Amino acid sequence: MTSDLLVSLGAVLPLIVLVGWACVLLLVDLAIPKERKGWTALLAALGLLVAAGFVLSRFGKPMVGFGGMIVADDFANFLSVLLLVSGLAGIALSYDYLKRMSIGHSEYYVLLMFSLSGMILMCMAADLIVIFLALELLSIPLYVLAGIAVPRLSSEEAAIKYFLLGAFSSGFFVYGTALVYGATGSTALPKIFEAVQSGSQSPVLLLAGAGLILVGLGFKVAVVPFHMWTPDVYHGAPSSVTAFMAVGAKAAGFAALLRVFILAFPAISANLTPVLWALAALTMILGNIVAIAQKNIKRMLAYSSIAHAGYILMALVPYGQQNVSANTVASALFYLVAYAFTNFAAWAVVIALEKVEERGLELEDYAGLGRKYPALAAVMTVGMLSFTGVPPTLGFVGKFYLFRTVIEGGYIGLAIIGVLTSLISAYYYLRVIVIMYMKEGEPEVHHEPWLQLTAFGAALGVVFLSIFSAPLLYLASQAVMWLF
Amino acid sequence: MIYLLHPLTLVTFFPLVGVLVLLFLRPEQKNAARWVALVATLVTFGISLAVLAQFNPSNPDLQLVVDVPWIPVAGWEIHYFLGVDGLSILLLLLTTLLAPISIFSTWTAVEERVKDFMIFFLLLEIGMVGVFLAQDLFLFYVFWEFTLIPMYFLIGIWGGSRRMYAAVKFFLYTMAGSILMLLAILWLGIHQGSFQMPTLLALGGIPGNLQIWLFLAFAAAFAIKVPMWPLHSWLPDAHVEAPTAGSVILAGVLLKMGTYGFLRFNLPLFPYAAVKLAPWMAALAVIGILYGAAVSYAQKDVKKLVAYSSVSHLGFVMLGLFALNSQGIQGGILQMVNHGLSTGALFLIVGMIYERRHTRDIDAFGGLWKIMPIYGVLTLIVALSSMGLPGLNGFVGEFTILLGAWGAGQPDGSYGTYWFAALAAIGVILAAVYILLMFQKLFLGPVTKDENRSLKDLNWREIVTLVPLIILIFWIGLYPKPFFMLMGPTVDNLVKAIQAASVAMIP
Amino acid sequence: MVLAGLSVLGGLLNFPSLKTFGIWLEHTLKNNLHEGEFVLLIAVISTILALLAIFLGWWLYNPRRYESFWAMPAAKRQDDPLRVYIGPVFEVLKNKYWVDELYWTVILNPYISLSRFLADVVDWRFWHDWFHDKVLAGGYDLLTRLLAVQIDLGIIDGIANGLGTLAQRSAGSLRRVQTGYVRNYALFIFLGVVIILGYLILAGNPLK
């Protein structure tokens with residue numbers, strides 16, 4: 001028993017480090033004087049680095065813990081590294097931002113770490129209950145973080161909406177879990193798989209359960225029609241939170257979706273695939289079209305984030321086909337990395353231009369950026385092009401891989417929708433570039449070292465990793481899920 | 001690492017050296033920026049001449065190949081694969097020749113943000129050369145899409161009054177076609193197992209119906225680029241609003257990327273579809289010829305007139321290509337080069353008068369011959385070349401194309417009817433109509449507008465930009481043999497392959 | 001005088017025994033023409049007639065007759081001695097049988113009128129002015145303007161721009177779905193659930 005426990009603890013070691021560090025930080029933070037709150041950020045970052053170190057050391061050595069409820073395989077490791085790097089980027093973005101926006105609560109970093117631990121847990125979870133646990137663990141700090149810019153009304157509004165709708169969808173998730181339990185007699189993914197394979201359960205319950213689980217997770221990643229919280233929350237929350245949330249929640253949500261569907265539900269893919277197809281198509285179409293009408297950059301990026309969830313979901317559609325499911329996983333993982341880099345590049349520029357009282361966030365505020373701050377404008381340009389999927393950016397390679405998966409699965413129609421919506425997206429991404437370079441204006445920019453580091457690092461990553469993409473692609477394809 | 005120093009890698013990426021140097025310049029150092037860009041493009045041209053020197057015209061296969069696995073993962077093998085053969089050698093030279101000429105022509109035209117302009121221009125050159133040399137579909141697509149970005153910026157920042165509209169339209173319109181091509185490329189990669197051209201060509205075996213879909217998907221991208229009627233609407237706006245150097249390179253090279261794409265990919269990869277769809281393509285080509293010429297005549301803006309003339313000229317090229325015989329294709333390739341030279345020169349010429357008078361209205365001139373005789377003579381030569389006067393380059397191309405189209409009109413040819421050739425010949429006449437009208441309105445007659453009286457004739461810099469083009473105009477017109485020799489073996493091979501494949505194909 | 005000299009030479013060249021001219025022509029022309037036969041009778045008659053004409057000329061216009069003729073005062077004498085003998089016939093001869101005048105009235109003047117008519121009316125006013133300038137050039141002008149404005153700008157460009165407008169209008173209307181009210185958001189989630197579940201449950205399940 002003890003050895004079992006030790007192994008299990010070893011499996012969740014990074015989590016323990018993260019959570020423990022966060023708890024300690026919470027106390028340490030009390031001792032740090034108000035002017036030096038930057039220390040909290042640095043300490044948080046240090047914690048993330050330590051956790052990342054542990055994760056990196058475990059590559060290639062899958063571990064199972066807690067009776068199979070936690071699986072620390074390469075899939076989880078890959079995503080954990082991605083999430084930790086996102087966390088670091090999130091901290092870097094917040095470093096000066098919090099001071100600028102007079103958000104005095106240094107619990108911010110602790111909350112971020114807690115949320116991150118939930119996200120990492122979600123990637124490791126192989127049991128529906130643990131997924132739910134992770135879901136709540138990652139969501140609740142995010143609710144608070146969304147509202148942390150109190151007394152700004154839009155921030156409060158964002159937090160409440162997120163919380164209400166989040167709770168609503170989590171309810172669906174739990175209901176779904178219950179139905180699946182009723183149908184298969186277990187919440188552990190392997191057992192569910194066996195039960196589904198043997199066909200010894202009530203299909204109605206199973207399908208309904210699967211559908212509800214899809215709903216619950218779909219809410220988190222912002223799939224239509226569960227996406228409606230996204231614009232308001234992304235808009236209202238402080239920008240650094242949004243940047244982190246956009247990547248983290250999506251990565252975690254898709255991790256769970258991938259695991260659950262590929263591990264537990266391959267046999268019923270015939271029923272689920274049309275649903276996934278429809279959701280992916282709707283998400284891509286709606287996300288991209290409504291983004292055209294947006295004049296606020298945060299809302300525009302929110303809709304863009306919805307659209308990208310659609311693209312990743314597209315890769316999930318052929319999950320039931322044996323030869324394609326490996327590519328489903330790899331392309332989704334690769335695209336999440338591409339999305340992360342691009343996302344941070346874009347949001348870094350947004351944060352650089354944002355002013356207090358939610359000013360500096362309209363598209364017109366970007367006019368003349370190309371002339372006055374060419375480097376920053378270049379970062380944004382790279383971000384926009386990567387979102388559109390134009391070479392030589394990581395977004396292009398990612399989309400290439402995603403489309404490849406879809407075509408391999410034989411869903412040409414969906415690929416065409418994906419490609420056409422990418423074209424539509426070019427319109428609003430290009431608009432930002434047009435405004436930056438081809439309109440006259442006097443933008444004001446905040447020069448903060450960590451911010452600029454993040455911005456340029458992300459942009460460079462987007463371009464260079466697209467040219468030298470072999471290593472990343474290799475890693476993504478090697479990040480296989482532990483199959484029992 | 002030998003692939004880094006390989007001549008094709010150098011000719012593609014050398015402008016990057018220029019970009020890096022430019023990044024270190026300050027915005028005020030305008031002349032330095034211009035010189036850096038000019039030197040970079042001239043060196044690239046020199047490298048391309050070295051490539052020509054190493055090119056063996058009697059070898060029909062790909063030469064000077066550099067093939068390095070680039071992204072080998074998860075069952076797909078993307079290579080960094082460049083090669084040159086009879087189809088691309090002339091276009092490579094055209095690109096590297098027009099680049100320094102364009103930069104030299106922009107010496108005084110662009111005064112704002114010169115450094116940025118040059119950076120984008122050099123990036124554009126990298127993309128264009130890459131398109132012509134790439135032999136791996138993924139690499140080709142990367143270069144193809146990549147050229148959109150600098151061109152978009154060139155139009156959007158340094159263009160005319162409606163530049164934003166034109167730039168966005170250019171980008172979206174072109175991208176619309178390209179993304180369909182992307183799907184086709186993916187399909188090929190997945191189902192044929194490779195992205196490399198030689199492998200795909202050797203494999204063959206794509207069933208007829210599927211070939212037609214893939215052909216159409218690729219054609220979507222290329223037809224928009226050529227541009228073929230009715231997908232040409234982006235061209236007038238893009239040309240009118242683009243700065244002079246942008247227009248020169250757009251007409252001179254970018255449009256050829258479309259026709260080249262048909263030649264390099266559609267014809268060899270999908271021969272059955274090519275044969276089946278040839279009459280349709282020819283019909284669109286002929287409509288383009290006649291429509292372009294007719295609409296050209298009605299234009300009041302000189303740049304728009306030349307833009308529509310491109311639609312007409314490239315209709316000829318398409319007609320030649322889809323004749324699927326040696327004359328047609330060789331005529332088509334030669335005409336691609338010819339169009340690059342004459343229309344490039346025409347845009348240079350329009351740019352010169354625009355720099356002086358800041359108007360492109362055809363009625364704002366008149367009698368310029370008396371005031372700017374050198375300009376008049378040079379324009380006359382270029383105009384006659386564009387028209388297809390025997391003795392100049394345009395005639396050689398058009399005649400060869402018409403020969404090919406006539407040959408294809410035989411019952412066993414790809415068109416099966418002589419109508420296409422006949423109607424195209426009428427197009428030659430219509431071309432004379434609009435060109436001569438333009439020339440007459442600009443140059444002949446009395447000087448009607450006083451503003452024109454004080455115009456200065458061409459300075460030596462402007463003459464230097466036109467001279468190489470004019471030399472080539474005469475050379476190709478009087479002695480086109482070396483040019484045909486460069487293309488001959490590869491084209492013959494291609495034609496044989498198409499005939500063999502389409503005969504063996506079971507639909 | 002030159003003509004006379006040359007014709008003597010030509011005649012001498014073709015003297016019956018020499019016949020050089022005839023042989024030369026024979027070789028020059030095709031079809032192996034043979035020169036005409038030398039008929040003595042015709043040669044003699046034509047020679048006699050020629051000699052007669054020479055004698056008549058001398059007799060009419062010789063200096064002695066000439067003198068008496070020219071001795072008469074100007075008012076009374078005719079302009080030519082021959083007129084005395086043949087009177088009215090002389091007029092005919094003098095006017096060369098009015099061949100020129102005939103030629104002019106019958107052939108040349110009508111031809112000139114016709115030619116002017118063809119040039120001015122048919123070729124210029126009708127063919128050049130009306131048909132070419134108005135019908136062809138004007139028609140081409142109209143056609144090209146129609147193509148350039150109505151069709152190219154209006155329809156073809158219009159379709160391209162219309163797609164853009166369509167995207168923008170859809171965006172405008174779809175954006176209104178985002179009402180800002182949480183209850184609406186929740187409703188949509190619920191609707192999504194209903195539809196998904198409805199589909200999954202009702203669309204049949206192959207796991208039996």
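Any value given below was found using the heavy atoms of this structure, including those in side chains, with hydrogens, waters and symmetry copies removed. Residue numbers start from 1 in every chain, and the chains themselves are labelled A, B, ... in the order their sequence lines are given, proteins ahead of strands. Here the structure is a predicted model, which is why all the values come from computation and not from measurement.
Most heavy-atom pairs under 4.5 Å with chain C, from the set A:Lys161, A:Glu157, A:Gln294: that is A:Lys161. Between chain A and the options C:Ser170, C:Ala171, C:Gly164, the largest number of non-hydrogen pairs under 4.5 Å is found for C:Ala171. Of the residues considered (A:Leu165, A:Val224, A:Leu212), A:Leu165 shows the highest number of contacts with chain C, using heavy-atom pairs under 4.5 Å.
To the nearest 0.5 angstrom, A:Phe172 atom CZ is 6.0 Å from C:Phe190 atom CZ. Within the model, atoms CZ of C:Phe188 and NE2 of A:His227 stand 8.0 Å from one another, a figure rounded to the nearest 0.5 Å. Atom CG of C:Leu174 sits about 5.5 Å away from atom CG of A:Leu286, to the nearest 0.5 Å. Here A:Leu207 contributes atom CG and C:Tyr199 contributes atom OH; the two are 10.0 Å apart, rounded to the nearest 0.5 Å.
Contacts between A:Leu279 and chain C at a heavy-atom distance below 4.5 Å involve the side chain alone, from C-beta outward. Only the side chain of C:Leu197 has a heavy atom closer than 4.5 Å to any heavy atom of chain A. A:Tyr427 touches chain C through its side chain: at least one heavy atom from C-beta onward sits under 4.5 Å away, while N, CA, C and O do not.
The two atoms that bring C:Ile189 and A:Ser169 nearest to each other are CD1-OG, 4.3 Å, heavy atoms only. Across all non-hydrogen atoms, the minimal contact from A:Phe226 to C:Ile196 is CZ-CD1, 3.8 Å.
Shown here is A:Tyr181, whose OH atom has no more than 12 heavy atoms of other residues, nucleotides or ligands within 6.0 Å. Shown here is A:Leu164, whose CG atom has more than 12 heavy atoms of other residues, nucleotides or ligands within 6.0 Å. More than 12 heavy atoms of other residues, nucleotides or ligands sit less than 6.0 Å from atom CG of C:Leu191. Within 6.0 Å of CZ in A:Phe132 there are more than 12 heavy atoms belonging to other residues, nucleotides or ligands.
Checking side-chain atoms of C:Gln178 against main-chain N and O of A:Met228 turns up a donor-acceptor pair under 3.5 Å.
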